[in-house]
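Report on the structure given below.
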Amino acid sequence: MKFPIIAYGDPVLRKKAPSIEPAEYPHIKELVADMFETMYAARGVGLAAPQVGLSMRLFVIDATPFDDDEPELKDFKKVFINACILEETGEEWAFNEGCLSIPDVREDVNRKSTVKISYYDENWKHHEETFSGMAARIIQHEYDHIEGKLFTDKLSPLRKRLLEKKLNDISKGAVSVEYKMKFPAAKKGR
Ligand code: NI
């Protein structure tokens with residue numbers, strides 16, 4: 001089942017998401033499968049639960065579209081539950097990021113190159129791992145979502161001001177997008 005993706009402006013994207021317990025989500029694997037299905041249909045490489053309206057510490061990543069450039073991303077398909085970034089190190093580098101909740105906007109974002117993260121997978125197995133490069137980049141972007149942050153928060157005041165109208169339009173649904181979305185400020189009946 002595909003979810004509609006929640007657009008910029010919805011308060012669920014601004015909430016720090018709580019951790020979840022196995023007992024609360026006995027069907028977590030179905031939810032994870034639905035999130036991957038939603039992400040693939042929108043041609044994304046990552047999707048966080050708040051982006052489908054669920055405030056919980058869960059995100060999914062499939063970075064295999066980048067594996068031509070970075071061989072270590074081959075088969076990089078992972079589920080992150082109750083993730084906690086323990087350390088971010090290395091030089092900051094810029095990459096032109098986009099977000100399924102903010103269609104049609106791409107901006108250079110600076111992030112540190114390496115991230116150490118603790119998380120559970122969909123079998124509730126605990127992991128503590130270190131990632132670099134594009135893997136770290138996608139993790140940091142998705143992790144921001146469960147912290148209630150968006151990549152546009154990281155832009156300069158000038159870039160933010162230049163984007164203001166566009167972001168406002170997105171929240172109203174005044175954007176052309178190929179996948180199903182839910183717009184917080186859309187007029188009823190449209
Ligand atoms: Ni995003």
Side-chain angles (χ1 to χ4, degrees), residues 2-18 31-66 70 73 76-85 88 92-113 115 117 119 131 133-156 159-160 163-164 166-185:
K2 286 197 288 283
F3 294 103
I5 293 178
I6 307 293
Y8 182 93
D10 193 297
V12 74
L13 296 177
R14 290 308 190 179
K15 268 177 72 177
K16 186 179 158 87
L31 174 58
V32 163
D34 288 346
M35 285 183 59
F36 274 116
E37 190 185 339
T38 302
M39 183 185 88
Y40 292 136
R43 297 174 180 281
V45 294
L47 183 70
Q51 294 182 276
V52 296
L54 301 170
S55 188
M56 55 196 269
R57 296 184 85 77
L58 164 65
F59 56 87
V60 301
I61 291 178
D62 187 345
T64 48
F66 289 105
E70 294 200 31
L73 292 180
F76 191 99
K77 179 179 175 180
K78 285 183 193 291
V79 177
F80 294 80
I81 298 171
N82 295 347
C84 180
I85 287 185
E88 283 180 287
E92 288 204 346
W93 63 294
F95 183 78
N96 200 245
E97 293 189 22
C99 179
L100 295 178
S101 293
I102 316 176
D104 231 14
V105 173
R106 295 199 73 94
E107 293 285 338
D108 281 353
V109 177
N110 288 309
R111 298 187 191 269
K112 287 190 174 168
S113 61
V115 63
I117 190 167
Y119 67 97
F131 298 96
M134 192 55 70
R137 165 76 52 172
I138 302 168
I139 288 169
Q140 287 160 325
H141 178 113
E142 299 312 324
Y143 187 83
D144 274 355
H145 277 300
I146 62 169
E147 291 287 304
K149 297 178 198 157
L150 299 168
F151 80 90
T152 47
D153 302 347
K154 299 188 177 295
L155 305 177
S156 70
R159 289 305 306 162
K160 280 186 194 159
L163 272 177
E164 210 170 295
K166 181 124 200 204
L167 294 174
N168 210 21
D169 283 348
I170 290 170
S171 68
K172 288 190 259 183
V175 61
S176 140
V177 57
E178 300 284 313
Y179 45 91
K180 201 165 174 238
M181 294 194 78
K182 216 176 124 198
F183 301 101

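Because the structure is a prediction, the values reported are computed rather than measured. Atoms within each ligand, like the ligands themselves, are counted from 1 in listed order.
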Open item on the list: Are there over 12 heavy-atom neighbours, none belonging to Lys160, within less than 6.0 Å of that residue's NZ?
Closed with: yes

TODO: Mark yes or no for whether Thr38, through its side chain, and Phe3, through its backbone, hold a donor-acceptor pair below 3.5 Å.
DONE: yes

Task: Pair Asp62-Tyr40, side-chain donor/acceptor within less than 3.5 Å - done: yes

- [ ] Could you pull out the N/O/S protein atoms under 2.8 Å of the Ni ion (ligand 1), ignoring any water?
- [x] Cys99 SG, His141 NE2, His145 NE2

Open item on the list: Can you list everything that forms a salt bridge (Lys or Arg N to Asp or Glu O under 4.0 Å) with Asp34? Sequence neighbours excluded, please.
Closed with: none

Open item on the list: If you compare all heavy atoms of Arg14 against all heavy atoms of Lys149, which two are closest, and at what distance to 0.1 Å?
Closed with: NH1-CA, 3.8 Å

Open item on the list: Below 30° counts as parallel, above 60° as perpendicular, anything between as tilted: where do the rings of Phe59 and Tyr143 land?
Closed with: perpendicular

